[in-house]
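No experiment lies behind these values; they were computed from the predicted model shown. Convention: sequence-line order gives letters A, B, ...; per-chain numbering from 1.
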2 protein chains.
Amino acid sequence: MISPAQAPLYEIKANLFKALAHPARIRILELLAAAPDTTAPVSFLLSETGLEASHLSQHLATLRRHKVVTSVRSANAVTYRLANPKIAELLAIARMFLLDTLADSSEQLRLAQELPGAHLTGQSS
Amino acid sequence: MISPAQAPLYEIKANLFKALAHPARIRILELLAAAPDTTAPVSFLLSETGLEASHLSQHLATLRRHKVVTSVRSANAVTYRLANPKIAELLAIARMFLLDTLADSSEQLRLAQELPGAHLTGQSS
DNA sequence: TAGTGGTATGATAAATTCATCATTCCATCA
DNA sequence: TGATGGAATGATGAATTTATCATACCACTA
């Protein structure tokens, strides 16, 4: 589902996130973000992800539809590239957010195990 | 669908984007991002979005599950807040990306209308 | 024209969303 | 204290979207 250009921005934005909302597509984008010039051939993505060719191609097609990546064919091989460096930024910030969140919840877990039941007593230390 | 903490990061990241991948949830998050202290009561979100109460609540529940927002009840009202300022950053970068992309495609459109067929001739000016 | 590298299509299975209704929580007032 | 009402949440099934899989197809090279 691709938004018409005159749709409200919050709807277009939701569709962008939808395009990113799949583990295989995240891996693909991270591989591109880490590659020199954010560029890599399909054959590389294929071997790194271990996906079946047709599955990989389907995910690449949805990324293309949403203009998150661009592709160029040279001779017999197709190479993909991030359409815009802001995609890499998006991934980096998402990672930071998740690390914050995961750190918080393992902290919660640690506290709960260290002082079992303490949170019920009203004692602060 | 919420990821277990030991899932690979790319899967957790995909689920985060999935949590954002709905127009109503984007609107909610943008309202919070724009509100003082990134905080607003449900009643405010209700009137601003025009959603039906139970629908709004469903979306708030998925945002909570993914720890994108937190909620506090005081007396008879519940207030929500962004769990982390990085969520606002994510939205801001997505907006920049989309503005870039939309600018490019309307530029494409303009060129195509200005010089109809010129791209077929091989002439560069 | 055979072969390799990628892509499109179409059917089925799975996950999300939407709509409706029931329930909980808490303040207030009889 | 318990009945009422507003605010928000939860639960359910139907409808829509998205993912998955297998297979057919296209583009280019040798």
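- Side-chain atoms of B:His55 come within donor-acceptor range of the base of C:dA19, with a qualifying N/O pair under 3.5 Å.
- What separates CD1 of A:Ile26 from P of D:dA19 is a distance of 12 Å, to the nearest Å.
- In this entry the distance linking CG of B:Leu56 with P of D:dG6 reads 19 Å, nearest Å.
- Between B:Asn15 and B:Lys18 there is a side-chain heavy-atom pair separated by less than 4.5 Å.
- With sequence neighbours excluded, the residues satisfying side chain to side chain contact (heavy atoms under 4.5 Å, CB included) with A:Ala14 are B:Pro23, B:Ile26.
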Next item on the list: Give the intermediate values and the outcome of side chain to side chain contact (heavy atoms under 4.5 Å, CB included) for residues A:Leu16 and A:Val68.
Entry: CA-CA 8 Å; A:Leu16 168 61; A:Val68 171; 3.9 Å; yes
Per-pair distances, 0.1 Å, donor-acceptor, side chain in residues 48-61 of chain A, under 3.5 Å, sequence neighbours excluded:
{"unit_1": "A:Thr49", "atom_1": "OG1", "unit_2": "A:Leu45", "atom_2": "O", "d": "2.8"}
{"unit_1": "A:Thr49", "atom_1": "OG1", "unit_2": "A:Leu51", "atom_2": "N", "d": "3.2"}
{"unit_1": "A:His59", "atom_1": "ND1", "unit_2": "A:Arg25", "atom_2": "NH1", "d": "3.2"}

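- In this model, the phosphate group of C:dG6 is not approached by any side-chain N or O of A:Arg64 to a distance below 4.0 Å at OP1 or OP2.
- Partners of A:Glu30 according to the salt bridge (charged side-chain N to carboxylate O under 4.0 Å, His left out) rule, which considers only residues two or more places apart in sequence or in another chain, are B:Lys13.
- Within residues 34-50 of chain B, the residues having any heavy atom under 4.0 Å from DNA chain D are, by residue number, B:Val42, B:Ser43.
- Separating the CD1 atom of A:Ile28 from the P atom of C:dG6 is a distance of 13 Å, rounded to the nearest angstrom.
- Protein atom NZ of B:Lys18 is 8 Å distant from nucleotide atom C1' of C:dA15, rounded to whole Å.
- In the set D:dT20, D:dA11, C:dG6, the nucleotide with an atom closest to the side chain of A:Ala77 is C:dG6.
- Whole-Å rounding puts the A:Leu63 CG to D:dT18 P distance at 15 Å.
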Note to self: Each nucleotide in nucleotides 24-30 of chain D should get exactly one letter: B, S or -. Can you fill that in based on protein heavy atoms under 4.0 Å?
What the structure shows: ----BS-
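- Distance CG (B:Leu60) to C1' (C:dT17): 15 Å, rounded to an integer number of Å.
- Both A:Ala21 and B:Ser71 lie near DNA chain D, and the one whose nearest nucleotide falls closer to the 5' end is B:Ser71.
- Every residue was checked against the ring pair (Phe, Tyr, Trp, His ring centres under 6.0 Å) condition with A:Phe97, not counting sequence neighbours, and none meets it.
- For A:Pro85, the side chain to side chain contact (heavy atoms under 4.5 Å, CB included) criterion is met by no residue, not counting sequence neighbours.
- With sequence neighbours left out, A:Phe17 forms a ring pair (Phe, Tyr, Trp, His ring centres under 6.0 Å) with B:Phe17.
- Residue pairs meeting the side chain to side chain donor-acceptor pair (under 3.5 Å) criterion with at least one member in residues 80-95 of chain B, sequence neighbours excluded, are A:Asp100-B:Asn84, A:Asp100-B:Lys86, B:Asp37-B:Arg81, B:Thr39-B:Arg81, B:Arg64-B:Tyr80.
- Separating the CG atom of A:Asn15 from the P atom of C:dT16 is a distance of 16 Å, rounded to the nearest angstrom.
- The phosphate of C:dT7 (OP1 or OP2) has a side-chain N or O of A:Tyr80 nearer than 4.0 angstrom.
- Residue A:Ala61 places its side chain closer to C:dA8 than to any other of C:dC18, C:dA8, D:dA8.
- A straight line from CG of B:Leu51 to C1' of C:dT17 spans 13 Å, rounded to a whole angstrom.
- Of the candidates D:dT9, C:dC18, D:dT20, C:dC18 carries the atom nearest the B:His22 side chain, counting heavy atoms from C-beta on.
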Next item on the list: Start with the C-alpha distance between B:Val69 and B:Leu29, add both sets of side-chain angles, then the distance that settles side chain to side chain contact (heavy atoms under 4.5 Å, CB included), and finish with yes or no.
Entry: CA-CA 9 Å; B:Val69 301; B:Leu29 293 174; 3.8 Å; yes
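- Side chain A:Gln58 to base C:dT9: a donor-acceptor pair is found below 3.5 Å.
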